[in-house]
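The figures that follow rest on heavy atoms only: side chains count, while hydrogens, waters and symmetry mates do not. Note that ligands are numbered from 1 as they come in the structure, with each ligand's atoms numbered from 1 the same way.
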Amino acid sequence: MSQQNLVVLGATGSIGLSTLDVVSRNEEQYRVFALIAGQNAEKMAELCVAHQPKYAVMSSEAAAKQLSQHLSNTTTEVLSGVDAMAEMARHIDVDIVMSAIVGAAGLLPTLAAVEAGKKVLLANKESLVMSGQLFMDKVKTHGATLLPIDSEHNAIYQCLPSTIQRGESTQLIDSGVSKILLTGSGGPFLNRPLETLAAVTVEEAVAHPNWSMGRKISVDSATMMNKGLEFIEAKWLFHCDADDIEVVIHPQSMIHSMVQYRDGSVLAQMGQPDMRTPIAYGLAYPNRIDAGVAPLDFSQIVDFTFTKPDFNRYPNLKLAIDACRSGQAATTTVNAANEIAVAAFLDGRIGFCDIYRVNALTLEQSALGVLESVESIMETDRAARRRAQQIIETLR
Ligand code: NAD
Ligand code: MG
């Protein structure tokens, strides 16, 4: 088989690096065509030396200039800005696009890949949270192949009937599916006394018990906003309603999610909490390749438990599920507010429990219209960010 050309959006991040690790193990099958990142020119320079992409794109001109200085001896062409990112994602020579920029910044380049009918490996859940309907319509119209990389959605995908996987049917009920069981570990504060949550430090919040991830998604896991965003992501990916999805806490993160069928069967996908497994699955689908991940050792598993989430502990989860029921403007708003709130928490400007306050107040104070275009989505995103910033000022 000939080599497939790959673009990695968010190459210097946790998912980007795991993707490049899997590619290194399967070099005869994948070639790195372009790497895309935000500001970290030094890390990007290392990656360019190792993978020799044709193009490297940074978010700002200043970072691109810095990168060029590091790369004077290579053939990699250095570019900057979101238009160049989109250009790479839709480039005629590209087969696969890994979407792993963090946050709303991932939306436009990911949509460019979808509109060009690429095979899109979606880690950037925020783009579906913001634009689910439009995104999925574009996948269909442009014949893109969408493979979920978020471990839960990848697990669900693996457990669904092949007719649904291939997009020949979108009817879960007709395929015998009765429920999607979205699992989550509960994060680092599953058992911490509720009255001490206000005192949570940044270090405590980013220290996830099972997964090693970027800082934003780590905080989202601690508040379980991450599971809320994933709830919305699942609704769009699997064409179902909020009532078809149930969140289950499974602290060991060995089952990555499950699909329950009408006849009583429950299919689960299991594995180590290592994103290289879903990444390898997405890259090679429908084949299987080496991901560098050890299998589970069942002789070493001590506990294997499940509980219902407590919304008093995780009010952000409830907020996101309610937003999912409310519609696209609410989910775009809560996503934007959360990005601002988490950044403020990571900067030490607000406390851990203030994240929920900012998110809830932003939703409460925002006019929620109908979003039918990318422009209206981006405008709602910007308005929610401004509102969230104002609310943060009042909390300080
Ligand atoms: P990260 O913070 O480690 O990396 C983010 C990447 O995005 C970096 O390469 C950064 O340079 C890039 N970036 C940031 N702003 C940018 C901009 N404006 N333009 C271009 N690039 C920009 O984050 P991560 O943990 O790798 O997560 C990436 C995405 O994958 C998120 O949407 C996250 O929710 C999702 N995800 C991550 C994991 C995980 O295990 N890390 C699991 C599931 C889903
Ligand atoms: Mg996940």
Side-chain angles (χ1 to χ4, degrees), residues 7-21 34-47 56-64 67 79-86 88-89 98-110 112 120-130 147-157 182-187 206 208 210-221 224-234 237 247 250 253 255-257 269 271-279 282 335 338-339 342-343 346:
V7 172
V8 184
L9 301 167
T12 56
S14 166
I15 294 285
L17 296 176
S18 292
T19 303
L20 292 171
D21 181 87
L35 294 177
I36 281 119
Q39 299 292 339
N40 192 343
E42 262 171 42
K43 185 78 210 167
M44 184 65 134
E46 274 174 38
L47 298 178
V57 187
M58 304 300 292
S59 64
S60 71
E61 254 182 64
L67 178 62
L79 305 165
S80 68
V82 67
D83 290 346
M85 295 178 199
M88 292 299 118
M98 165 55 80
S99 164
I101 291 174
V102 61
L107 178 63
L108 295 179
T110 307
V120 179
L121 311 188
L122 188 71
N124 174 250
K125 65 194 83 186
E126 294 91 343
S127 54
L128 265 187
V129 170
M130 293 172 75
L147 287 156
I149 298 303
D150 210 345
S151 58
E152 295 76 4
H153 306 74
N154 188 269
I156 293 161
Y157 188 89
L182 185 66
T183 57
S185 69
V206 298
H208 196 281
N210 307 336
W211 296 93
S212 153
M213 310 181 283
R215 284 161 74 79
K216 191 257 178 184
I217 184 175
S218 295
V219 176
D220 285 350
S221 298
M224 277 195 93
M225 174 54 91
N226 182 50
K227 210 51 55 186
L229 299 179
E230 290 181 355
F231 190 99
I232 302 162
E233 184 186 12
L237 277 173
V247 176
H250 166 50
S253 300
I255 287 183
H256 298 308
S257 278
Q269 186 263 355
Q272 301 284 1
D274 187 324
M275 290 306 293
R276 290 177 301 174
T277 296
I279 291 167
N335 179 65
N338 184 60
E339 277 190 38
V342 171
L346 287 170

#### Entry: Whether M58 lies under 4.0 Å from ligand 1, heavy atom
no
### Message
Quick check: E126 and ligand 1, any N/O pair under 3.5 Å apart?
### Response
yes
### Query
So is D150 close enough to ligand 1, meaning a heavy atom under 4.0 angstrom away?
yes
### Contact check: I36 vs ligand 1, nitrogen or oxygen atoms, below 3.5 angstrom
no
### Task
Give a yes or no on whether a salt bridge exists between E152 and K125, defined as a side-chain N under 4.0 angstrom from a carboxylate O.
no
### Task
Check A37 against ligand 1 and report side chain, backbone, both or neither, counting heavy atoms closer than 4.0 Å.
both
### Task
For atom 11 (O) of ligand 1, grab the closest protein heavy atom and report residue, atom and distance to one decimal in Å.
G38 N, 2.8 Å
#### Entry: A105, portion touching ligand 1 at heavy-atom distance under 4.0 Å
side chain
#### Entry: Within reach of ligand 1, part of S151 (heavy-atom separation under 4.0 Å)
neither
### Query
Which atom, among the N/O/S set of D150, is closest to the Mg ion (ligand 2)?
OD1
### Task
Starting from atom 4 (O) of ligand 1, locate the nearest protein heavy atom and write down its residue, its atom name and how far away it is, to 0.1 Å.
G13 CA, 3.1 Å
### Task
If you have a sec, work out which protein heavy atom is nearest atom 14 (C) of ligand 1 and how many Å separate them, to one decimal?
V102 CG1, 4.0 Å
### Heteroatom of E152 nearest to the Mg ion (ligand 2) (N, O or S, atom name)
OE1
#### Entry: Geometric N/O contact G214 with ligand 1, under 3.5 angstrom
yes
### Summary
In this structure, atom 36 (N) of ligand 1 is nearest to the protein heavy atom I217 CD1, 3.6 Å
## Note on the structure
Candidates S218, A100, P278, S212; heavy atom nearest atom 28 (C) of ligand 1 found on A100
### Query
At a 4.0 Å cut-off, with the gap strictly under it, does some heavy atom of A11 reach an atom of ligand 1?
yes
### Message
Heavy atom to atom 29 (C) of ligand 1, shortest distance: which of T12, L9, I101 holds it?
### Response
I101
### Task
Measure M213 to ligand 1 on non-hydrogen atoms and call it side chain, backbone, both or neither using the 4.0 Å cut-off.
both
### Task
Please report which non-hydrogen protein atom sits nearest to atom 34 (O) of ligand 1, along with the residue it belongs to and the distance in Å to one decimal place.
K125 CE, 3.2 Å
### Task
Taking atom types as modelled, find out whether T277 and H256 have a side-chain donor-acceptor pair closer than 3.5 angstrom.
no
### Task
Just give me the atom name: the N, O or S atom of E230 closest to the Mg ion (ligand 2).
OE2
### Message
For atom 26 (O) of ligand 1, what's the nearest protein heavy-atom neighbour? Residue, atom name and distance, please.
### Response
I15 N, 2.9 Å
